[in-house]
*Asks:* 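Have a look at this one.
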Amino acid sequence: MKLLITREIPDAGIKILEQYPSIEIDYRKGPPLSEEALLKAVVGVDAILPVIPDKITQKIIEAAGQNLKIIAHYAVGYDNIDIETATKNKVYVSNTPGDLTESVAEFTLGLIYALSKNIVTADKFVRNGNYQFWDPMLFLGPTLRNKVLGIIGMGRIGQHLARLAHGGLKMKILYSDPKEHIDIEKECDAKKVELEELLTNSDFVSLNCPLIESTRHLINQKELELMKPTAYLINTARGPIVNEAALYEALKNNTIEGAALDVFEDEPSLYNGLTSLNNIILTPHIASATREARIQMARMAAQNIIDVLIKGTAPTNLVNMELADKIGKIA
Ligand code: GLV
């Protein structure tokens with residue numbers, strides 16, 4: 001059985017897979033594969049372990065052919081995978097939640113601190129030799145206690161963020177989500193509101209929802225105009241949830257106080273002008289980059305592959321639930 005791993009991942013996952021000699025691993029450790037290289041590499045494979053920049057399109061799934069049984073994604077978000085085609089072809093898709101939840105929530109909180117305490121701009125200020133004397137009015141920002149954190153998408157990550165912000169910092173939590181989350185409402189005194197109310201009332205707005213058709217450009221000019229002039233926007237979810245052109249204008253015109261982006265509309269390209277702004281923090285999609293999360297993600301992806309190729313079951317972290325009781329087409 002053939003497995004394509006498109007990028008280097010922690011050894012912990014490779015070691016698990018190597019215990020099964022019937023799995024022949026094509027392990028690519030270089031830069032992301034071009035579409036052309038990916039099209040060639042997938043031919044005849046039983047499993048693909050892709051990472052975030054890999055676009056697993058209909059073309060790729062069809063090029064892999066009849067043997068393909070699982071796409072074991074090394075990430076929690078799977079908007080880069082054509083789930084519809086995978087499901088139609090009875091190919092399982094799995095993802096890697098777990099320690100990543102805490103890592104992304106912690107990183108988001110880190111961005112909330114960095115923005116409100118001016119940590120990045122103050123660092124640049126000192127490096128540039130501008131620190132001449134202590135100044136009572138220098139780099140003033142808000143305290144966090146009692147400030148309102150609006151969480152868009154109250155899934156695993158949103159819930160953990162709510163716990164950290166409410167439990168630790170005594171922030172007030174608003175959230176918008178298609179579902180009600182009674183447990184987190186009780187635990188964090190969180191209140192479910194419409195998006196408009198969330199944007200109008202929050203001091204910090206954190207995006208923690210998946211990228212789907214209804215969340216593409218969810219934050220656009222109109223939404224940014226609803227936010228307080230003192231509010232901050234944080235995106236650790238997926239770039240296209242925010243219209244970067246509208247965000248650029250809002251930051252340039254100080255419609256909002258600041259923003260932090262860990263993800264971008266056309267990753268890794270940046271919208272023209274973003275880097276010239278002082279009121280934005282830009283990081284290279286590293287919200288889940290803790291050693292613990294990345295090792296656990298490797299183990300989970302490996303286990304999902306073993307579930308399917310060796311045990312003949314659905315993967316533990318199945319995404320396309322329509323295939324939960326699929327039978328046949330298993331090695
Ligand atoms: C990271 O962005 C992930 O989806 O795992």
Side-chain angles (χ1 to χ4, degrees), residues 5-10 12-13 31-32 48-57 60 70-83 86 92-112 151-161 164 177 205-219 233-242 244 259-270 281-305 315-321:
I5 303 180
T6 64
R7 297 294 302 287
E8 184 170 6
I9 59 166
I48 307 173
L49 192 160
V51 300
I52 287 170
D54 300 320
K55 303 263 174 287
I56 308 298
T57 56
I60 300 288
I70 175 162
I71 300 164
H73 194 27
Y74 185 82
V76 71
Y78 42 81
D79 48 282
N80 55 324
I81 298 173
D82 182 344
I83 302 288
Y92 292 121
V93 178
S94 61
N95 67 348
T96 53
D99 281 356
L100 179 149
T101 303
E102 284 80 25
S103 301
V104 177
E106 288 168 10
F107 190 84
T108 308
L109 193 63
L111 291 176
I112 291 174
I151 300 177
I152 300 181
M154 197 46 111
R156 284 178 289 249
I157 295 170
Q159 291 182 28
H160 195 69
L161 176 63
L164 296 176
D177 192 284
V205 173
S206 174
L207 300 175
N208 298 102
C209 54
L211 173 63
I212 49 178
E213 260 337 285
S214 59
T215 60
R216 190 173 292 277
H217 282 190
L218 184 71
I219 302 299
L233 177 74
I234 299 114
N235 189 5
T236 54
R238 284 294 181 266
I241 298 169
V242 177
E244 264 171 27
L261 300 183
D262 184 50
V263 287
F264 304 92
E265 257 200 276
D266 183 23
E267 223 165 295
S269 303
L270 299 180
I281 295 175
L282 306 165
T283 52
H285 203 151
I286 52 166
S288 68
T290 59
R291 281 184 283 276
E292 289 86 346
R294 292 290 159 87
I295 288 170
Q296 196 196 42
M297 288 161 74
R299 290 199 176 116
M300 288 175 108
Q303 188 55 51
N304 285 321
I305 291 166
T316 309
N317 308 101
L318 180 64
V319 164
N320 43 354
M321 293 306 285

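Position 1 is the first residue of the sequence, and the numbers go up from there. These figures come from a predicted structure and were not determined experimentally. Order of listing sets the numbers, starting from 1, for every ligand and every atom in it.
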*Asks:* I need the contact type for V263 against ligand 1. Using non-hydrogen atoms and a strict under-4.0 Å cut-off, is it side chain, backbone, both or neither?
*Replies:* neither
*Asks:* Could you tell me whether a side-chain N or O of R216 sits under 3.5 Å from a main-chain N or O of L211, the two making a donor and an acceptor?
*Replies:* no
*Asks:* Can you tell which of D54, N95, T96, N80 makes a side-chain hydrogen bond (donor to acceptor under 3.5 Å, both in side chains) with H73?
*Replies:* N80
*Asks:* Heavy-atom contacts with L100 under 4.0 Å: which atoms of ligand 1 show up? List them by number with element.
*Replies:* 5 (O)
*Asks:* Between T108 and S206, does any side-chain donor sit less than 3.5 Å from a side-chain acceptor?
*Replies:* no
*Asks:* Can you tell me which residue and heavy atom of the protein come closest to atom 5 (O) of ligand 1, and the distance to 0.1 Å?
*Replies:* V76 N, 2.7 Å
*Asks:* With no hydrogens and no angle check, do the side chains of H217 and E265 hold a donor and an acceptor under 3.5 Å apart?
*Replies:* yes
*Asks:* Provide, to 0.1 Å, the distance between atom 2 (O) of ligand 1 and the closest protein heavy atom, together with that atom's residue and name.
*Replies:* H285 NE2, 2.6 Å
*Asks:* Of the side chain and backbone of I52, name the one, both, or neither that has a heavy atom under 4.0 Å from an atom of ligand 1.
*Replies:* side chain
*Asks:* For M297 and ligand 1, does the shortest N/O to N/O distance drop below 3.5 Å?
*Replies:* no
*Asks:* Does a sphere of radius 6.0 Å around CZ in F264 hold more than 12 heavy atoms from other residues, nucleotides or ligands, not counting ones at 6.0 Å or beyond?
*Replies:* yes
